[in-house]
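So the structure is just underneath, and the comments pick up after that.
Side-chain atoms are counted along with the backbone in the values below, which use heavy atoms only and exclude waters and symmetry mates. Below, read A as the first sequence line, B as the second, and so on, with proteins coming before strands; counting in each chain starts at 1.
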There are 2 protein chains.
Amino acid sequence: MAREMLRQGGRSARIQEAVHRTVQELLKNMDRGEITVPMIADKAGVTPSTIYRRWGDLSELLADVAVDRMRPIADPEDTGAMTSDFEAFILQYAEEMSSRVGRALLADVLGSLEGNAPVKCCQYTYHHLETLRKRASARGETPFDLGEAVDFVVAPIVYHILFGDREPTPDYCRALVARFFKQ
Amino acid sequence: MAREMLRQGGRSARIQEAVHRTVQELLKNMDRGEITVPMIADKAGVTPSTIYRRWGDLSELLADVAVDRMRPIADPEDTGAMTSDFEAFILQYAEEMSSRVGRALLADVLGSLEGNAPVKCCQYTYHHLETLRKRASARGETPFDLGEAVDFVVAPIVYHILFGDREPTPDYCRALVARFFKQ
DNA sequence: CCATTAACGCTAAAGATTTGCGTTTAGGTG
DNA sequence: CACCTAAACGCAAATCTTTAGCGTTAATGG
């Protein structure tokens with residue numbers, strides 16, 4: 001997001017909502033390279049200057065929307081055991097992030113020079129991992145370390161998606177997970 | 001780079017050279033957010049349309065320049081043993097990539113939607129690691145696996161730089177390296 | 001040395017971004 | 001609850017960026 005809103009209610013919120021929704025719809029139907037601020041403004045029923053003043057430029061707006069779309073809606077599935085919980089979460093994470101949409105979200109999040117979209121995005125991941133960790137603790141399993149989970153499993157997956165040097169296939173992801181718990 | 005040049009000599013090469021040099025100078029003195037194509041064209045003594053036709057847009061040009069700047073100029077230092085070679089290389093890699101300039105290069109490389117800047121950039125890393133691996137083999141040491149080196153060490157460093165969730169300090173990097181060789 | 005055509009320069013048109021100014025309205029205050 | 005203040009907006013002019021047409025230059029191959 002650009003700056004945090006000083007005014008949260010009414011018109012301001014309605015416009016944010018309309019703009020976000022418009023961006024998401026446009027992203028479904030066209031390449032991000034073809035999307036422009038005036039185009040978004042028109043479809044959202046707002047003037048371009050409103051968008052420029054509020055978000056700065058297109059990449060900040062896209063990053064804002066991307067972070068919003070990445071926000072967790074549900075906790076990771078509970079499969080009954082830590083390792084299977086973890087593996088299930090990672091497989092879904094890799095699939096989502098390596099999809100066309102996921103790659104676009106990552107690009108948008110990392111493309112914002114201002115703001116702190118990257119940190120927010122990565123906090124969502126930590127949050128999910130933390131949920132799994134607590135769940136494991138509650139079961140009496142010896143929990144894993146958050147930082148190590150990111151280093152061993154999440155980081156490699158994201159690296160390969162970003163640099164395109166290999167595909168994060170389910171087999172590859174399972175191997176990462178296995179290596180992590182066997183360390 | 002946009003497409004590969006069909007004509008490599010004379011004027012075409014001079015212009016590429018001038019534009020690249022101009023971009024690098026501008027990057028030293030100002031934020032990338034303030035740099036524009038007409039500004040580059042002016043300082044390089046070219047018309048803007050030439051840049052647009054050849055590179056497409058600013059982010060492609062920046063990616064092209066960034067890849068160029070990342071191209072290895074020298075092999076990693078030879079310290080006499082594989083583990084110290086590897087650690088020395090990683091420490092330098094982390095320092096370069098986490099610097100102001102390095103973060104900008106990474107952002108530019110990953111910011112190009114077209115082209116294959118990310119793959120090229122990452123191939124440079126593989127090339128360096130391969131050099132270290134061969135050198136170890138020649139010494140009679142049992143060499144490490146390239147893919148695992150990226151997964152265990154390079155990927156976490158890059159992840160933390162990109163998402164800003166922690167600093168890749170020398171201590172942290174050394175711990176990654178130690179974990180890799182102890183695995 | 002000549003022919004071919006990729007790549008360039010110039011310029012006008014189209015489009016995106018910024019800016020000034022008046023208006024609306026959210027959030028606070030008496 | 002009516003009022004005040006300033007944030008956020010709409011509108012429109014000015015500025016800047018990007019695209020496209022067309023003639024010119026010069027790299028490459030014969």
Side-chain angles (χ1 to χ4, degrees), chain A residues 1-23 25-27 29-65 68 108 111-115, chain B residues 1-23 25-27 29-65 68 108 111-115:
Chain A
M1 167 143 9
R3 59 210 174 290
E4 303 313 313
M5 281 188 293
L6 290 186
R7 298 192 169 178
Q8 315 224 342
R11 179 171 66 171
S12 200
R14 273 198 307 278
I15 286 183
Q16 153 135 0
E17 157 72 11
V19 169
H20 273 227
R21 206 152 34 77
T22 303
V23 170
E25 282 181 17
L26 285 176
L27 282 173
N29 306 326
M30 42 196 325
D31 282 3
R32 66 194 2 60
E34 304 175 304
I35 297 177
T36 68
V37 171
M39 178 188 289
I40 297 166
D42 190 51
K43 290 220 176 201
V46 193
T47 63
S49 61
T50 293
I51 294 182
Y52 286 117
R53 263 196 269 258
R54 187 146 162 190
W55 282 279
D57 61 15
L58 180 58
S59 64
E60 291 302 317
L61 170 55
L62 290 178
D64 191 22
V65 174
D68 212 61
D108 288 343
S112 75
L113 313 177
E114 313 281 321
Chain B
M1 164 146 7
R3 61 211 173 288
E4 303 313 312
M5 282 187 292
L6 290 186
R7 299 191 170 180
Q8 314 225 343
R11 180 172 64 172
S12 199
R14 274 197 308 279
I15 286 183
Q16 152 135 0
E17 157 72 12
V19 169
H20 272 229
R21 204 152 35 77
T22 302
V23 169
E25 282 180 18
L26 285 175
L27 282 173
N29 307 325
M30 44 197 324
D31 283 2
R32 65 193 4 59
E34 303 176 305
I35 297 177
T36 67
V37 171
M39 178 189 289
I40 297 167
D42 191 51
K43 291 221 176 201
V46 193
T47 62
S49 60
T50 293
I51 294 182
Y52 285 117
R53 262 195 277 258
R54 188 147 163 191
W55 281 279
D57 63 14
L58 180 58
S59 65
E60 292 301 317
L61 171 55
L62 290 177
D64 190 23
V65 173
D68 211 60
D108 288 344
S112 75
L113 313 178
E114 312 281 320

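Here A/Thr50 does not reach the OP1 or OP2 of D/dC9: none of its side-chain N or O atoms lies under 4.0 Å away.
In this structure, the side chains of A/Leu61 and A/Arg54 stay at 4.5 Å or more apart for every pair of heavy atoms.
Where B/Ile15 and A/Leu58 meet DNA chain C, the nucleotide closest to each residue was compared, and B/Ile15 sits on the side nearer the 5' end.
Atom-to-atom, CZ of A/Arg54 to P of D/dG10 comes out at 10 Å; the value is rounded to the nearest Å. The interatomic distance linking B/Ile51 (CD1) with C/dA7 (C1') rounds to 14 Å, in whole Å. D/dA20 atom P lies 13 Å from atom CG of B/Asp57, rounded to whole Å. The distance between atom CD of A/Gln16 and atom P of C/dA26, rounded to the nearest whole Å, is 15 Å.
Of all heavy-atom pairs between A/Ala63 and A/Ser112, the closest is CB-CB, 3.5 Å. Taking all atoms of both residues into account, the shortest heavy-atom contact from A/Glu60 to A/Leu113 is OE2-N, 3.4 Å.
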In the 5'-to-3' direction, what one-character label does each nucleotide of nucleotides 22-30 of chain D receive under the scheme B = base within less than 4.0 Å of a protein heavy atom, S = sugar-phosphate only, - = no such atom?
-> ---BBBS--
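Within residues 35-49 of chain A, the residues having any heavy atom under 4.0 Å from DNA chain C are, by residue number, A/Thr36, A/Val37, A/Pro38, A/Ser49.
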For nucleotides 1-3 of chain D, print each protein N/O atom paired with a nucleotide N/O atom at under 3.5 Å, atom names and distance only.
none

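Going from atom CD of A/Gln16 over to atom CD1 of A/Ile51 covers 11.5 Å, rounded to the nearest 0.5 Å. Rounding to the nearest 0.5 Å gives a distance of 11.5 Å between CZ of A/Arg21 and CG of A/Leu26.
Residues passing the salt bridge (charged side-chain N to carboxylate O under 4.0 Å, His left out) test with B/Glu114, sequence neighbours excluded: none. Not a single side chain to side chain donor-acceptor pair (under 3.5 Å) links B/Arg14 to another residue, sequence neighbours left out.
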Scan the side chains in residues 32-46 of chain B for donor-acceptor partners under 3.5 Å anywhere in the protein, sequence neighbours excluded, and list what turns up.
from, atom 1, to, atom 2, distance (Å)
B/Arg32, NE, B/Asp108, OD1, 3.0
B/Arg32, NH2, B/Asp108, OD1, 3.4
B/Arg32, NH2, B/Asp108, OD2, 2.5
B/Glu34, OE1, B/Asp31, N, 3.4
B/Thr36, OG1, B/Met39, N, 3.2

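Not a single donor-acceptor pair under 3.5 Å links the side chain of B/Ser12 to the backbone N or O of B/Gln8.
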